[in-house]
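Below is one structure, written out as structure tokens; the observations come after it.
Keep in mind the model is a prediction, meaning the values are calculated, not measured. Chain naming here is simple, since letters A, B, ... match the order of the sequence lines and numbering starts at 1 in each.
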Amino acid sequence: MIRAVKGTRDILPPASRVWNHVEDVARRVMQSYHYSEIRTPIFEETSLFARGVGEETDIVSKEMYTFEDRDGASLTLRPENTAGVIRSFIEHRLDQVPGLQKLYYMGPMFRRERPQKGRYRQFSQIGAEVIGSESPAVDAEVIEMVIEILTRCGLDGFQLLLNSVGCKECRARYVAELRERLAGVANRLCHDCQRRVQTNPLRVLDCKIPEDQPIIDALPSILDFLCEPCGIHFAAVRAYLNDRGIQYEVKPRLVRGLDYYMRTTFEVVHGALGAQNSVLGGGRYDGLAQSLGSKAPAPGIGFSIGEDRLVMSVEEAHPDRHKDTVDLFIAPMGGNALRHSTVLARELRRNGVCVEIAFEGKLKRALELANKTGARYALIVGDNEIQSGAYALKNMATGEQENVSRERLTEVLYGRNH
RNA sequence: GUGGGUAUAGCUCAGCCGGUAGAGCGCUGGAUUGUGGUUCCAGAUGUCGUGGGUUCAAAUCCCACUACCCACCCCA
């Protein structure tokens, strides 16, 4: 038997209904903020991610699906989509289009990690980018929007974490300070942290080993190292969020794993997701476009939602929603009735009624199926009914049955759907 | 890359100290001719993850492998 490859999976009904719901909500919300969809390729030149995401990140250094094309070009299945969107922005000179570029996307990403709960090798992200403004008001609006998406999906009990990682200059001063402070105590830290002190001191802040916590707690906060412009920016973001009554927790130890982030970073966590409890992450990336070759500065901010994890949370919160529903299950009796039924079904479907027809089997079987598929009504169509012009309409929940004319039938069905 | 757990019917699982398989749910058919849900009856489906070993005899004991899950790492 051929099975789906490790870390990939089939999204079957009824789970696929939840996926559709989540995507519908996201589209509606983002359209109301005047975002438009962008669809970029699923693979790109490898160098895009190396330069965009950062050569030293785990994503680039050990998790990418990279392959050589027949002409020798190195291509990579996208591990995230911000780099691709910015590439497209530069390539198509979207900086020349008036106003901000507000773009959203949804689709599969690929990272070769060991799969576990909430983590797959092919996973799906719903994300958005705003390019062309440094304003902290944009940061707040982006955060407001993503919270709105989660809420409208029916989620609650999530927590918004907020931080500023400063800019090139002030972060460099902070990292230097961290290195110095950690140098003295490194031998008391866990094995991983001893390595991180060398490779990426910021990661020490994120360590989960209990024994390391006292040392980490004593380390200075990046927020005390922000330069004046970064400090003002962060204060403004918080003020704008406060204006909206959006709850958040400032978490100076929140570290993001992509090199391009600067200033505002944020994350939303949700319980009952297992160890991978991060539903979405995002932040500002003012220098990214230029590092990818843009002549014009193109400051931006964006987020991406882990759709697999969001769906998981929604299923957890509302296990009974997203049921399969059939409005009308038609049970034709015989060939003549079947021909009559198909014409009737076509008309009803054109008016938005969800109709199923029992193409074979006896009446008993048809009603059994109507029951199993959760149909609201069953319609019995036999020669008697065609002759008299009155169908037998059965309410599957109550068991009541009435003889209805064609007009009465549409009245009942359209009444439910309009 | 590292660690732990689990592998028996479509699904969830039982099968103690070895004697070649069961339950519930689901599925199919039936309880008379055009009426579902409840109930009753009947039925189908398993190379007991794979390979090897011990034994008269292995789903059960031993070894190896593989797959899946969870966790570390990292991130969405």
Separation of [N] [atom2] from [X] [atom1] (nearest whole Å):
{"X": "L205(A)", "N": "C75(B)", "atom1": "CG", "atom2": "C1'", "value": "17 Å"}
{"X": "F123(A)", "N": "A76(B)", "atom1": "CZ", "atom2": "P", "value": "8 Å"}
{"X": "H270(A)", "N": "A76(B)", "atom1": "NE2", "atom2": "P", "value": "18 Å"}
{"X": "L328(A)", "N": "G36(B)", "atom1": "CG", "atom2": "P", "value": "18 Å"}
{"X": "R9(A)", "N": "C68(B)", "atom1": "CZ", "atom2": "C1'", "value": "14 Å"}
{"X": "D58(A)", "N": "A76(B)", "atom1": "CG", "atom2": "P", "value": "12 Å"}
{"X": "N81(A)", "N": "C75(B)", "atom1": "CG", "atom2": "P", "value": "18 Å"}
{"X": "L369(A)", "N": "G37(B)", "atom1": "CG", "atom2": "P", "value": "12 Å"}

On a whole-Å scale, what distance lies between the [atom1] atoms belonging to [N] and [M]?
{"N": "U20(B)", "M": "C48(B)", "atom1": "C1'", "value": "10 Å"}
{"N": "C16(B)", "M": "C72(B)", "atom1": "P", "value": "34 Å"}
{"N": "C17(B)", "M": "G24(B)", "atom1": "C1'", "value": "28 Å"}
{"N": "U28(B)", "M": "G10(B)", "atom1": "C1'", "value": "13 Å"}
{"N": "G37(B)", "M": "C41(B)", "atom1": "P", "value": "16 Å"}
{"N": "C27(B)", "M": "C65(B)", "atom1": "P", "value": "42 Å"}
{"N": "C61(B)", "M": "A42(B)", "atom1": "P", "value": "35 Å"}
{"N": "C73(B)", "M": "U60(B)", "atom1": "P", "value": "37 Å"}

Does any donor atom in the side chain of N351(A) or Y414(A) lie under 3.5 Å from an acceptor atom in the other side chain?
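Checked: N351(A)/Y414(A) side chains pair up, N/O donor to acceptor below 3.5 Å.
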
Test item: side-chain donor near acceptor, S124(A) and D308(A), under 3.5 Å
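D308(A) and S124(A) do not have a side-chain donor-acceptor pair below 3.5 Å.
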
Pairs of donor and acceptor atoms involving the side chains of residues 107-116 of chain A, under 3.5 Å and at least two apart or interchain, shall be tabulated with distances.
{"from": "R111(A)", "atom 1": "NE", "to": "P79(A)", "atom 2": "O", "distance (Å)": "2.8"}
{"from": "R111(A)", "atom 1": "NH2", "to": "P79(A)", "atom 2": "O", "distance (Å)": "2.9"}
{"from": "E113(A)", "atom 1": "OE1", "to": "R119(A)", "atom 2": "NH1", "distance (Å)": "3.4"}
{"from": "Q116(A)", "atom 1": "OE1", "to": "R119(A)", "atom 2": "NH2", "distance (Å)": "3.3"}

To the nearest 0.5 angstrom, please state how far the CG atom of N163(A) sits from the CD atom of E249(A).
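Here the interatomic distance stands at 10.5 Å.
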
Evaluate the side-chain proximity of V25(A) to V22(A): yes if any heavy-atom separation is below 4.5 Å, no if none is.
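When only atoms from C-beta onward are counted, V25(A) and V22(A) do not touch, as no gap falls below 4.5 Å.
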
Are any non-hydrogen side-chain atoms of N81(A) and R78(A) less than 4.5 angstrom apart?
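Yes, close enough: below the 4.5 Å cut-off.
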
So what does [X] hit on the nucleic acid, given a heavy-atom distance under 4.0 Å: a base, only sugar-phosphate, or nothing?
{"X": "A275(A)", "answer": "sugar-phosphate"}
{"X": "F329(A)", "answer": "nothing"}
{"X": "E307(A)", "answer": "nothing"}
{"X": "G127(A)", "answer": "nothing"}
{"X": "A397(A)", "answer": "base"}

Looking at G36(B), A71(B), C75(B), which one has an atom nearest to any side-chain atom of K117(A)?
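Nearest listed nucleotide: A71(B).
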
State which of C74(B), C73(B), C75(B) makes the closest approach to the side chain of Q116(A).
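Of all the options, the side chain of Q116(A) is nearest to C73(B).
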
Would you mind building the protein contact string for nucleotides 1-8 of chain B? One character per nucleotide, 5' to 3', B for base within reach (heavy atoms under 4.0 Å), S for sugar-phosphate only, - for untouched.
BBB-----

Quick one: what's the B/S/- string for nucleotides 29-35 of chain B, heavy-atom cutoff under 4.0 Å, read 5' to 3'?
-S---BB

For D308(A) and for K372(A), locate the closest nucleotide of RNA chain B by heavy-atom distance; then report the residue assigned to the nucleotide nearer the 5' terminus.
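Looking at the nearest nucleotide for each, K372(A) comes out on the 5' side.
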
Given that R3(A) and R121(A) both sit by RNA chain B, which one's nearest nucleotide is further toward the 5' end?
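The residue mapped nearer the 5' terminus is R3(A).
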
Could you tell me which residues satisfy salt bridge (Lys or Arg N to Asp or Glu O under 4.0 Å) with [X], sequence neighbours excluded, listed by chain and number?
{"X": "K362(A)", "result": "none"}
{"X": "E37(A)", "result": "R27(A), R39(A)"}
{"X": "E55(A)", "result": "none"}
{"X": "D324(A)", "result": "R17(A)"}

Return the stems involving RNA chain B, sorted by first number, where pairs are Watson-Crick (N1-N3 with N6-O4 or O6-N4) or G-U wobble (N1-O2 and O6-N3), both under 3.5 Å, and runs are 3 or more long.
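Looking at RNA chain B, the stems formed by three or more consecutive pairs are B:1-7 with B:66-72, B:10-13 with B:22-25, B:27-31 with B:39-43, B:49-53 with B:61-65.
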
Which residue pairs satisfy the salt bridge (charged side-chain N to carboxylate O under 4.0 Å, His left out) criterion with at least one member in residues 339-361 of chain A, sequence neighbours excluded?
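Pairs touching residues 339-361 of chain A that pass the test: E347(A)-R406(A).
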
How would you list all residue pairs meeting ring pair (Phe, Tyr, Trp, His ring centres under 6.0 Å) that involve residues 17-40 of chain A, not counting sequence neighbours?
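Ring pair (Phe, Tyr, Trp, His ring centres under 6.0 Å) check on residues 17-40 of chain A returns H21(A)-H322(A).
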
Base of C75(B) paired with side chain of E267(A) (donor-acceptor, under 3.5 Å)
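When only heavy-atom distances are counted, E267(A) does not reach the base of C75(B) through any donor-acceptor pair under 3.5 Å.
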
For E45(A), does the CD atom sit with more than 12 other heavy atoms under 6.0 Å from it, leaving out its own atoms?
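No, because the 6.0 Å sphere around CD of E45(A) holds 12 heavy atoms or fewer from other groups.
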
Scan for side-chain hydrogen bond (donor to acceptor under 3.5 Å, both in side chains) pairs involving residues 278-288 of chain A, sequence neighbours excluded, and state none if there are none.
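Matches after skipping sequence neighbours: E129(A)-Y285(A), D139(A)-R284(A), E267(A)-S278(A), R284(A)-D286(A).
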
What does the list of N/O pairs under 3.5 Å between the protein and nucleotides 39-49 of chain B look like, with a distance for each?
none

How far apart are the closest heavy atoms of V326(A) and T373(A), and which atoms are they?
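V326(A) and T373(A) have their closest heavy atoms at CG2-O, 4.2 Å.
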
Tell me whether R244(A) is salt-bridged to E144(A), with the criterion being a basic N under 4.0 Å from an acidic carboxylate O.
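Counted as a salt bridge, because a side-chain N and a carboxylate O are separated by less than 4.0 Å.
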
